[in-house]
Amino acid sequence: MKKLFFIVLGLFATLNGWAEGATKEKSFWADPFNHPLLPFYSLVAFIFVIIILVIAISIVLIRTMNLLIGQIEKQRAEAMGQAYVPALSWWDKLTQKLNASVPVSQEKDIELDHNYDGIKELDNHLPPWWKWLFYISIVWAVVYFVAYHFSYSLPLSKEEYENEVAQATAAQQRFLESQPKAVIDESTLVYSPDVAILEKGKAVFTRNNCGSCHRNDGGGNAIGPNLTDEYWLHGGGLKTVFTTIKNGVVEKGMPAWGKAMSPGDVRDVAFFVMSLQGTKPANAKASQGELYEPEVKTEKTDSTKTQAVLK
Amino acid sequence: MELQKFSYDNKIVKAFMIATVIFGLVGMLVGLTAAIQLFYPLFNFDLQYTTFGRIRPLHTNAIIFAFVGNAMFAGVYYSMQRLLKTRMFSDSLSWIHFWGWQLIILAAAITLPLGFTTSKEYAELEWPIDIAIAVIWVVFGWNMIGTIIKRRERHMYVAIWFYIATFVTVAVLHIVNSFEMPVSLFKSYSWYAGVQDALVQWWYGHNAVAFFLTTPFLGMMYYFLPKAANRPVYSYKLSIIHFWSLIFIYIWAGPHHLLYTSLPDWAQSLGVVFSIMLIAPSWGGMLNGLMTLRGAWDRVREDPVLKFMVVAVTAYGMATLEGPLLSLKNVNAIAHFTDWIVAHVHVGGLGWNGFMIFAVLYWTVPRMWNTSLYSKKLANIHFWLGTLGIIFYALPMYVSGLVQSLMWKEFNPEGFLVYKNFLETTVAILPLHMLRATGGGLYFIGAVIMTYNLIKTAYAGSFVANEEAEAAPLMKEYVATSGGWHHRVLEHKPVLLTALALVAILIGGAIEMIPTFLIKSNVPTISSVRPYTPLELHGRDIYIREGCVNCHTQMVRPFRSETERYGEYSKAGEFVYDHPFLWGSKRTGPDLARTSGKYSNSWHYNHMLAPDAVSTGSIMPAYPWLFEQTIDIEQTAPKIRALRKIGVPYEEGYEDTANDDLRKQADGIAANLKADGIEVMSDAEIIALISYLQRLGKDIKAEKLAEEVNK
């Protein structure tokens, strides 16, 4: 049993550690010794251990005492020349009462006169709590069905869905209104190799599996085009790339990402795509589409260097 | 009255027991393989016969029908002879039953890896095997009823009632659910379509659990548990009440597998309320089992047989409380399609069925070989390995199910899904899948140890093929000992009891199915929904063959998190030409109901060729053979004829020109791929599969577009 306990404990500990990892936050476990709440946690853990110990010791003491009392009772009974019948434990008494069962010592009285290959049957009552469980579940079933299908007081699937969407839309609206208006006007966007934005953009690129069609380094594969050269199927330049990402080219397999992410995310990933220009990854896909030359030549930054900085 | 001498047939029990152990080990090993593939997809050795989609049904069929099935027959044949004080009705029927069942298992083991499947869960076997199952099942029932008729014990004990209910219900379930239109020797289409097919399938699927995995085992519990504990059964009244309420209520609960789907709401609600009403009847069995052990708990600590039984009955109680709770719509909304359900069935399968089988084997083998168990220590080791195995299996899967479900549903305050990329939620739970495989491995090792222990026991003893017994024959004239109507009267009228059990189980199914089939408003039609083109039809059959439905659903539920991720929620009218329905029951990968137009043909092409290269970290296996094998266009005409016969409106004579349409569509896709630099034969299977994937949800999208234009 002890072994089992430790193995189960170990299992929970692993799960816990893993769940912490999943949240991707530097939490207590990242550096426990310098965490400000360390004394508090230690105290709680200490009290917890003490409580468990106290309970365990109490149980052992009570059981020993019961054993001793039993011994004394037995001796007393023997001294008086009577047969010793141990008293039922509180648990036995409780279950007997809850189940309305005839005690084992009297079960001969309710034994049925049949015998199936040596198996006998007792005629105990149905446990009252079980009977009530059954009755209540039947009443619940009737109420449930009436509420949904006769009095229409609870929403069925379709209505439930409509409520959910309406509530979410309202909550979304409230949230957006509470936020400072982040104006992302695609007509005035200008690319700059801002590391903070590019890092966010790279994360969006990776998490949404853009690499599945454009390769993780943007070099393109059999599905999607190369993003690192100056040739574009649907037009080059930050503004056009932003629009392509936002609205997609659905008939050619490019999803309309604007439906699934915020304009901020689209901007970030568009910046990241622009930052890939000129990185010349190995085995990149041959150029497709038309050469794009920006109207206003800006100073070219060293894109390979920019990439190296990104996490 | 003079005693008659006769003998019990132990040889047939022995045969079924050997089959139980062998197929148990095989079934568990296949399950372990499937579990490993879920974090290490290469474990299919890149063979089409061992991909997850094909061996998952092999695992479920092997465990349900070969392991649990053979164990059930062993237990029934052993206990029934003794409870009725007679040999089985006919030795020939017993052996036809045995060999027939083993041949069915062999046929399943060959056809499932080959991809011959109806895709309906736990009813995957194709129509010739379905017929064989029906025949052999009737042989079993005939032998059983014959034995009951020639019994020497007037009253039928509660175990026998459960065996009778098992026989009649499984017969009805199997026959009704297996109605299918053959296309060729190993291909058929379900008679029912879409919503109706789903309702029939889950009426079957749920009650396969009820009447194949539960009632026969309750019967076995009622024999083997009091025998092993040497205690009287706790309450005869409880047996009566829980038997009749269990079989009557169970049959209604099937729709709880289809909550929030396109099944009509009233049928879903029936599934919910009957599941809740099922708690008490199920627990009746557990209570009667556990309370029979009153006064024997000190022996439970010593005796491995009782230990296994206590865990089995407790697992039964947990699973039958959890099941109804999972049927509540708000719980179901979280748990359905996730690993939670896998954990739930394995508490039942590993705990209730597995442990009960182990207990029965440990108890009967020493008796049949007239010896004692070779090693109690090994049996105890098996007990602890098995128990740990269950814990290591179930706990990680509960966590995994919950974690993934919450990730699917998480929105950020801006109103977008946090985990838009389904794959992120898959990768997050892989460590838990590894733990699960460890649990399964422990359980399997335990079973191997048991096998060794049982073989050693058998070699130490000598087998008693015919166990001598004697009993008085039944008196011709029976005079009831108690006056008036009483359940006792029913217990000595086997035919009446069988008939009443049949009525009890027919009511629920009939009330749910007949309106769904006959009342039009239950499946509102959608005008833009058209039958599949010949190429799509071939693609759909490849989808079925590869078992895609084992990991991908085609059922967008009406939740914001699903309509955001996949698109509009699924409607009943979309599925009217779906023979069989392919809604699925588990989302290891994303839902595919709205796949059309989501990705380009070349995306699908590359993804099927090497999923991991397209979606880094994907655990989907590669399907290279789809690029080499060609579509069997000879089958186009029979397929179309078969579907027309079951109501799909292909015009008369269309089968003659169907292949022209097929080629045209295939050439179009091949040309489209070529534009992306991919050279592929236009008759390769991948072309058909792509055409099907690009069709999924297309009709409903067209409907939406038309609506918008009309506005």
Side-chain angles (χ1 to χ4, degrees), chain A residues 4 7-8 11 14-15 18-19 22 99 101 104 107 111-112 114 116-127 130 133-134 137-138 140-141 144-145 148-149 156-158 160-161 164-165 168-169 171-172 175-176 207-209 211-213 216 221-223 250-253 255 260-262, chain B residues 82-83 153 155 157 223 226-227 232-238 241 260 265-266 269 272-274 276-277 279-281 283-284 287 291 294-295 388 391-392 395-396 399 411 413-417 420-421 423-424 428 431 435 558-560 569 597-600 602-603 606 614-616 676-678:
Chain A
L4 176 73
I7 290 170
V8 174
L11 174 72
T14 359
L15 293 181
W18 168 81
N99 295 325
S101 46
V104 177
E107 70 184 22
E111 202 171 83
L112 296 175
H114 265 94
Y116 305 94
D117 196 33
I119 300 173
K120 293 246 171 194
E121 284 176 301
L122 301 177
D123 201 15
N124 266 306
H125 291 294
L126 301 176
W130 178 85
L133 177 72
F134 200 11
S137 71
I138 293 172
W140 182 89
Y144 182 99
F145 210 81
Y148 274 106
H149 298 279
L156 291 170
S157 299
K158 186 165 177 263
E160 197 185 324
Y161 171 68
E164 187 195 7
V165 171
T169 318
Q172 195 180 335
F175 174 80
L176 289 180
R207 281 197 53 202
N208 292 293
N209 217 5
S212 96
C213 300
N216 290 335
N221 61 20
I223 305 163
V250 181
E251 66 281 3
K252 298 196 73 180
M261 57 173 78
S262 66
Chain B
R82 284 156 180 86
L83 286 169
E153 182 74 62
H155 287 290
Y157 178 58
Y223 179 80
K227 284 295 264 186
V233 171
Y234 176 74
S235 170
Y236 167 64
K237 272 195 206 88
L238 187 57
I241 305 287
Y260 287 116
D265 279 305
W266 62 266
S269 295
V272 173
V273 298
F274 275 89
I276 294 297
M277 285 191 279
I279 298 175
W283 271 23
L287 290 177
M291 304 232 269
R294 279 192 323 162
L388 274 180
I391 293 170
F392 267 85
L395 285 184
V399 178
F411 279 92
E414 289 167 302
F416 296 109
L417 286 167
K420 288 179 277 289
N421 183 3
L423 191 54
E424 270 185 286
L435 272 180
F559 302 146
R560 174 173 164 243
Y569 67 83
K598 201 166 179 186
Y599 302 102
S600 61
S602 61
W603 187 91
N606 285 290
V614 174
S615 307
T616 313
D676 280 334
I678 297 168

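Small disclaimer: the values here were computed from a predicted structure and weren't measured.
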Ser615(B) and Ser212(A) have their tightest heavy-atom pair at N-CB, 4.3 Å

To the nearest 0.5 Å, atom CD1 of Ile119(A) lies from atom CZ of Arg82(B) at 11.5 Å

When Leu126(A), Asn209(A), Leu133(A) are compared by non-hydrogen pairs under 4.5 Å with chain B, the top option: Asn209(A)

In short, Tyr116(A) meets Leu83(B) closest at the heavy-atom pair CB-CD2, 3.6 Å

Residue, of Pro413(B), Gly415(B), Gly597(B), Gly295(B), that accumulates the most heavy atom pairs under 4.5 Å with chain A: Pro413(B)

Between Tyr223(B) and chain A, which part of the residue has a heavy atom less than 4.5 Å away: side chain, backbone, both or neither? both

From OG1 (Thr616(B)) to CG (Asn216(A)), nearest 0.5 Å: 4.5 Å

Indicate whether any N or O donor in one side chain lies under 3.5 Å from an N or O acceptor in the other, for Glu121(A) and Tyr157(B). no

Closest contact, heavy atoms only, Gly284(B) versus Trp130(A): N-NE1, 3.4 Å

Residues that Phe416(B) engages under side chain to side chain contact (heavy atoms under 4.5 Å, CB included), provided they are two or more places apart: Ser262(A), Asn412(B), Glu414(B)

Distance in Å, Leu122(A) CG paired with Arg294(B) CZ, rounded so as to fall on 0.5 Å steps: 7.0 Å

Under 4.5 Å from any heavy atom of chain B - which part of Asn99(A): both

How many angstroms lie between atom OG of Ser137(A) and atom CZ of Phe274(B), to the nearest 0.5 angstrom? 10.5 Å

Less than 4.5 Å to any heavy atom of chain B: does that hold for the side chain of Thr169(A), its backbone, both, or neither? neither

Enter the distance from Ile223(A):CD1 to Trp603(B):CH2 here, rounded to the nearest 0.5 Å. 7.0 Å

dist Lys237(B):NZ -> Leu112(A):CG (nearest 0.5 Å) comes out at 8.5 Å

Donor-acceptor pair, distance only, cut-off 3.5 Å: does the side chain of Asn124(A) make one with the backbone of Tyr234(B)? yes

As an exercise: rank Ile279(B), Leu423(B), Asn421(B), Ile678(B) by heavy-atom pairs under 4.5 Å with chain A and give me the winner. Asn421(B)

For Lys598(B), which atoms come within 4.5 Å of any heavy atom of chain A: side chain, backbone, both, or neither? backbone

Residue pair Ser235(B) / His125(A): nearest heavy atoms and the distance that separates them: OG-O, 4.2 Å

What heavy-atom pair brings Asp117(A) and Lys227(B) nearest, and what distance separates the two atoms? O-NZ, 2.7 Å

Interface check, chain A: of Asp676(B), Ile241(B), Val273(B), most non-hydrogen pairs under 4.5 Å belong to Val273(B)

Could you tell me which residues satisfy side chain to side chain contact (heavy atoms under 4.5 Å, CB included) with His149(A), sequence neighbours excluded, listed by chain and number? Phe145(A), Leu156(A), Asp265(B), Trp266(B), Ser269(B)

Tell me, do Asn221(A) and Asn606(B) make a side-chain contact under 4.5 Å, heavy atoms counted? no

